[in-house]
Trainee: 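Here's a structure for you.
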There are 2 protein chains.
Amino acid sequence: MSSDPLGFAPHDHTRCVQSALAEVVRLCAERGVQMTPVRRRTFEILLEEHTAMGAYDVLARLDAEGLGSKPPVAYRALGFLVDQGFAHRIERLNAFIACAHPGADHNPAFMICRTCGTVAEAAAGHGPLGASAALAGFQIEQTVIEAEGLCPLCQTPETAP
Amino acid sequence: MSSDPLGFAPHDHTRCVQSALAEVVRLCAERGVQMTPVRRRTFEILLEEHTAMGAYDVLARLDAEGLGSKPPVAYRALGFLVDQGFAHRIERLNAFIACAHPGADHNPAFMICRTCGTVAEAAAGHGPLGASAALAGFQIEQTVIEAEGLCPLCQTPETAP
DNA sequence: CGCTTCCTGTTATGTTATAACATACATAGT
DNA sequence: ACTATGTATGTTATAACATAACAGGAAGCG
């Protein structure tokens with residue numbers, strides 16, 4: 001597993017795994033929070049798969065490595081990563097994915113291919129809700145923006161997986 | 001139950017229940033699909049509560065009225081309403097809410113108050129994803145746009161429920 | 001009538017998520 | 001060294017959400 005879609009373009013991501021890991025380790029030190037073995041491995045698993053994974057899929061991997069076999073182990077580690085902004089939860093899929101830009105101040109949006117399941121992260125503000133929210137007096141704290149559709153490869157039957 | 005928040009402003013919604021029901025009945029006839037008792041009652045329940053409800057909450061109501069007691073009954077009826085655009089699924093809450101504008105061609109966005117649970121529907125295009133998606137060559141079919149925060153009432157502690 | 005189609009009833013199970021409690025382990029204060 | 005504290009982990013049990021699969025019944029149509 002060294003070549004996989006990021007966004008929707010193939011790339012070698014051995015390097016991005018390394019750099020993302022280094023970055024989150026640095027951020028943890030900076031923030032005074034702990035990057036423990038379970039948390040670290042959970043993050044690595046998400047990075048390696050480079051796609052949205054269910055909590056129980058992550059748990060199966062952790063279990064195979066002797067790092068924990070009960071749901072709370074996975075949910076706690078994933079919760080930590082999400083809280084720190086190192087991973088995101090994809091509501092539509094009830095799944096988690098490593099953040100493409102850990103540490104960056106961003107309110108992410110996602111594009112989910114319904115055919116191949118690839119998930120790409122894009123930048124987004126609070127979206128078109130800003131105006132509506134202001135009008136209604138609603139104070140936005142967080143937004144979920146997820147689009148489902150067809151990625152470039154899956155639009156042409158011949159090239160689809 | 002005759003006065004409840006719509007959007008975030010109190011209103012009498014006896015009338016909107018009536019008109020929404022009449023509208024969906026008309027649309028069903030127009031589309032050649034059936035508005036059966038279970039479906040109709042499910043829609044009415046969502047309209048009456050006028051808030052996001054879990055499938056099992058809806059099921060409990062249906063059961064109390066002798067319309068079905070097993071999960072598939074509720075999920076089928078809710079699925080029908082969502083398919084027809086008469087209700088929406090709120091991914092963040094794993095819940096369902098009656099559509100504020102049945103029949104209208106709209107891609108809805110939602111504002112969810114984390115304190116009182118009120119959900120307001122707002123219009124949205126495909127949001128800020130349009131540009132990113134076009135750039136990536138991603139073909140959007142459907143979007144989920146959900147904001148969580150504080151509604152006007154819950155921003156001032158004295159008036160909060 | 002025999003056929004199809006659509007809706008409903010039911011069983012059983014699968015999937016996702018968390019509450020609650022117990023234990024371990026590091027570090028700081030005395 | 002001792003104990004208090006905070007943080008992380010281990011474990012049990014269960015809650016909450018969702019669907020596969022099959023059986024039966026009512027309506028429409030040749």
Side-chain angles (χ1 to χ4, degrees), chain A residues 24-25 28-29 31-43 45-46 51-84 86-97 112 117 144 146, chain B residues 24-25 28-29 31-43 45-46 51-84 86-97 112 114 117 144 146 148:
Chain A
V24 302
V25 166
C28 283
R31 296 173 187 177
V33 296
Q34 299 177 43
M35 178 51 81
T36 64
V38 175
R39 292 171 176 177
R40 178 187 172 112
R41 194 67 197 112
T42 299
F43 184 59
I45 288 167
L46 289 180
T51 186
M53 298 180 76
Y56 281 73
D57 294 332
V58 172
L59 179 58
R61 295 278 304 265
L62 291 174
D63 193 14
E65 301 176 18
L67 285 169
S69 61
K70 309 299 169 52
V73 171
Y75 280 101
R76 287 201 274 239
L78 290 166
F80 170 84
L81 296 175
V82 170
D83 287 347
Q84 296 296 322
F86 302 158
H88 301 293
R89 179 181 164 83
I90 309 295
E91 299 290 342
R92 187 63 170 272
L93 305 176
N94 292 332
F96 300 84
I97 190 168
I112 306 165
V144 172
E146 298 171 3
Chain B
V24 303
V25 166
C28 283
R31 295 173 188 177
V33 296
Q34 299 177 43
M35 178 50 82
T36 65
V38 176
R39 292 170 176 177
R40 178 188 171 111
R41 194 65 197 112
T42 299
F43 184 58
I45 288 167
L46 288 180
T51 186
M53 300 180 73
Y56 280 72
D57 295 332
V58 172
L59 180 58
R61 295 279 303 265
L62 291 173
D63 193 14
E65 301 174 20
L67 284 170
S69 61
K70 309 298 167 56
V73 173
Y75 280 102
R76 281 176 191 142
L78 290 167
F80 170 84
L81 296 175
V82 170
D83 286 349
Q84 296 296 322
F86 301 158
H88 301 293
R89 179 182 165 82
I90 310 295
E91 298 291 342
R92 186 65 171 271
L93 305 176
N94 292 332
F96 301 83
I97 192 167
I112 306 165
R114 71 168 154 81
V144 173
E146 298 171 2
E148 193 165 8

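These values consider heavy atoms only, across backbone and side chains, with no hydrogens, waters or symmetry-generated copies. Naming: A, B, ... by sequence-line order, numbering from 1 per chain.
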Trainee: Determine yes or no for a side-chain-to-main-chain donor-acceptor pair under 3.5 angstrom, with A/E146 supplying the side chain and A/I112 the backbone.
Mentor: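 Checked: no pair found.
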Trainee: Return each pair, listed once, that meets salt bridge (Lys or Arg N to Asp or Glu O under 4.0 Å) where at least one residue sits in residues 64-76 of chain A; pairs must be two or more places apart or across chains.
Mentor: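 The answer is A/R41-A/E65.
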Trainee: Side-chain contact test, heavy atoms from C-beta onward, threshold under 4.5 Å: evaluate it for B/I45 versus B/M53 and give yes or no.
Mentor: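 Yes - at least one pair of side-chain heavy atoms lies under 4.5 Å apart.
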Trainee: Both A/K70 and A/F80 contact DNA chain D. Which one's nearest nucleotide lies toward the 5' end?
Mentor: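 This one resolves to A/F80.
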Trainee: Within this structure, what is the CG-to-C1' distance between A/L78 and D/dT9, rounded to whole angstrom?
Mentor: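 After rounding, the reported distance stands at 15 Å.
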Trainee: So what does B/L59 touch, heavy atoms closer than 4.0 Å: a base, only the sugar-phosphate, or nothing?
Mentor: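 Contact class for B/L59: none.
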Trainee: Could you state the atom-to-atom distance from CZ of B/R31 to P of C/dC6 in whole Å?
Mentor: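 These atoms are roughly 17 Å apart.
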Trainee: Rounded to whole angstrom units, what separation is found between the CZ atom of A/R40 and the P atom of D/dA8?
Mentor: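 Rounded to whole Å, this separation is 17 Å.
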Trainee: Taking OP1 and OP2 of C/dG9, is either one under 4.0 Å from a side-chain nitrogen or oxygen of B/S69?
Mentor: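 B/S69 to C/dG9 OP1/OP2: no side-chain N or O under 4.0 Å.
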Trainee: Does a side-chain heavy-atom distance below 4.5 Å link A/I97 with A/R89?
Mentor: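 Counting from C-beta outward, A/I97 and A/R89 never come under 4.5 Å.
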Trainee: Let me know the distance between CE of A/M35 and P of C/dA26, rounded to the nearest Å.
Mentor: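 So the CE-P distance, A/M35 to C/dA26, works out to 19 Å.
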Trainee: I'd like to compare against my own output: the B/S/- annotation of nucleotides 14-21 of chain C with a strict under-4.0 Å heavy-atom distance to protein.
Mentor: --BBBB--
Trainee: Do the side chains of A/V33 and A/Q84 get nearer than 4.5 Å, heavy atoms only?
Mentor: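 Yes, their side chains come closer than 4.5 Å.
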Trainee: Do A/V25 and A/R40 make a side-chain contact, defined as non-hydrogen atoms from C-beta onward lying under 4.5 Å apart?
Mentor: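 A/V25 vs A/R40: side chains touch.
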